[in-house]
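Both counts, for ligands and for their atoms, begin at 1 and track the order of listing.
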Amino acid sequence: MQGRPRILESVGRLTATRLLYATPRVTRVLGIESSCDDTGAAVVDDCGNTLGDAIFSQGHIHRDTGGIVPPTAGKLHSEQLPRVVNEALRKSRTSLQDISAIAVTVGPGLALCLKSGLSFAKDFALKTSKPLVPIHHMEAHALTARMIHKIQFPFLVLLVSGGHTLLAIAHSVNEFSRLGSTLDDAVGEAFDKVSRMLRLHCHSEVGHLAGGPAIEELAKRGNADAFKMPLVLQQRRDCDFSFSGLKNAVRRVVIDEEKSSTPHEPVARCEDIAASFQKAAVRHLVKRTHRAILYCRDVEPDARTLVVSGGVASNSYLREELSIVARQFKFDVVCPPPRLCTDNGIMIAWNGVEKLKSGYNPIFDFTDLEYKPRWPLGKDISARVIQANIKATLTKRKQ
Ligand code: KG4
Ligand code: ZN
């Protein structure tokens, strides 16, 4: 019972009874993430403090196979989860008694990876008599920023990762409207594929980086106007994305540049190609976000924040370009720090905390709880965006 006087101690023969007002119980949630190639766990409290976290990234293992092999990824999650969860709990110095619930990602994501996480969480919850809070991975990405900044609902969110690219309005912890999403590749996937086409893993300076960061780093030294890239979905007044056309344009340039390239080395003029691709991809993201801001202003006039999250949100060029547009409409751009933008257990634990605070009843009888590899975020209102027929013209950047 919270806030009620309670008898705290009775000592020796003389029973000393002290009536104290018990402090309200602090909510602490253990979060478990395993939807893709990161095994993450964390303990977070209701003030947004990370008490302990641990992560095992499989990226280096899948890099050699040129992409994630789901059975391998699922097996690695099962192997790593006990260690990662124990490490997060140990670092948090929290006894299991003080954990209110276990939040676990149940979708969307790779089926075999979600399966490993959920089956571990169920076993662990049974052993420790804890309830579960099923978490939507993208909702967790969207709400991470609220852990650090005081962001009020409603707000606009752009999620850009290796598996997703979407724009949504967050109305509350449990209510989202999806304005648009990608029709083909996710933007992070496009960065990764372009990096592979350019053979950046052979690059002496950026070879150790993942695809996206390697492109960003190399683009700093290139001429972004060196190669003409197509304007994407130019005729459509929606908030959907597409990256396959850009990827194909890069492929054509690479085929051309291969003539003057050395085998097993990065493709000739890779700096210029990286810069041209990045500029075009960011222009596309910014244009769609511009339209989303205009739409959001109409339907949710109180919205004043654009949250950008997911792995690609670490890209400084994207952040800068988004800020220019957001500023025009007096929107603040908030990006969680890079370590919270990529997949981790903290965002899952925090989402569990937010759900509990919003009145969600955690599940004690979770035998029938299933993972959902395909689980769209919120309500699809993309048709309404098209109906609004909003022209978004980007203002020219001062040179
Ligand atoms: O959110 P995330 O860690 O994992 C999921 O996809 O769920 O995002 C990883 C993606 C990768 O495709 C990676 O190349 C991309 O984010 N990424 C970047 C940057 N940092 C990470 N893309 C562009 N620029 C970056 N600086
Ligand atoms: Zn993610």
Group every Ile, Leu, Val, Met, Phe, Trp and Tyr by side-chain heavy-atom contacts under 4.5 Å, then state whether L231 and F277 land in the same group. no
For F191 and ligand 1, does the shortest N/O to N/O distance drop below 3.5 Å? no
Each residue besides L143 in its hydrophobic cluster should be listed here, by chain and number; the cluster joins Ile, Leu, Val, Met, Phe, Trp and Tyr at side-chain heavy-atom distances under 4.5 Å. M138, I151, F153, F155, V157, L159, L166, V173, F176, V307, V334, L377
Residue, atom and distance of the protein heavy atom nearest atom 22 (N) of ligand 1 read G212 CA, 3.3 Å
Among all protein heavy atoms in this structure, tell me which lies nearest to atom 7 (O) of ligand 1, with the distance rounded to 0.1 Å. D343 OD2, 3.1 Å
Nearest N/O/S atom of D343 with respect to the Zn ion (ligand 2), by atom name, please. OD1
Let me confirm one number: the CD1-CG distance from I273 to L200, rounded to the nearest 0.5 Å. 9.5 Å
Please round to the nearest 0.5 Å and tell me the distance separating atom NZ of K379 and atom CG of L179. 12.0 Å
G311 N/O under 3.5 Å from ligand 1 N/O: yes
Ignoring angles and geometry beyond distance, decide whether G310 reaches within less than 3.5 Å of ligand 1 through its nitrogen or oxygen atoms. no
Purely on distance, is any nitrogen or oxygen of N315 under 3.5 Å from one on ligand 1? yes
Suppose we only count N/O/S atoms under 2.8 Å; would H141 qualify as near the Zn ion (ligand 2)? yes
Ligand 1 atoms nearer than 4.0 angstrom to some heavy atom of G163 are 6 (O)
Taking only heavy atoms of G188 into account, list the atoms of ligand 1 that are under 4.0 Å away from them. 12 (O)
Once the angle between the rings of H284 and F243 is folded into 0 to 90°, is it parallel (under 30°), tilted (30 to 60°) or perpendicular (over 60°)? perpendicular
Working to the nearest 0.5 angstrom, can you tell me the gap between I348 CD1 and H141 NE2? 7.5 Å
Dump the intermediate steps for side chain to side chain contact (heavy atoms under 4.5 Å, CB included) on V299 and I169, then the final yes or no. CA-CA 10 Å; V299 296; I169 299 172; 3.7 Å; yes
Atom 13 (C) of ligand 1 has as its nearest protein heavy atom D192 OD1, 3.8 Å
Tell me the contacting part of P213 for ligand 1: side chain, backbone, both, or neither, using a 4.0 Å heavy-atom threshold, strictly below. both
Quick check: does E216 get an N/O under 3.5 Å from an N/O on ligand 1? yes
Hydrophobic clusters here meaning ILVMFWY residues chained together by side-chain heavy-atom distances under 4.5 Å, can you tell me if V325 and F331 are in one? yes
For atom 15 (C) of ligand 1, the protein heavy atom that lies nearest, with its residue and separation: V312 CG2, 3.8 Å
Taking salt bridge (Lys or Arg N to Asp or Glu O under 4.0 Å) as the criterion, tell me which of R339, R90, K91 meets it with D53. R339
Got an N, O or S from H164 under 2.8 Å of the Zn ion (ligand 2)? no
Check this for me - ligand 1, C36, N or O atoms closer than 3.5 angstrom, yes or no? no
Quick one: which of V44, N351, N49 gives a side chain to side chain contact (heavy atoms under 4.5 Å, CB included) with M147? V44
Which residue holds the protein heavy atom closest to atom 6 (O) of ligand 1, what is that atom called, and what is the gap in Å? G162 N, 2.7 Å
Is it the case that the side chains of Q80 and R83 hold a donor-acceptor pair, with the cut-off being a distance below 3.5 Å and no angle test? yes
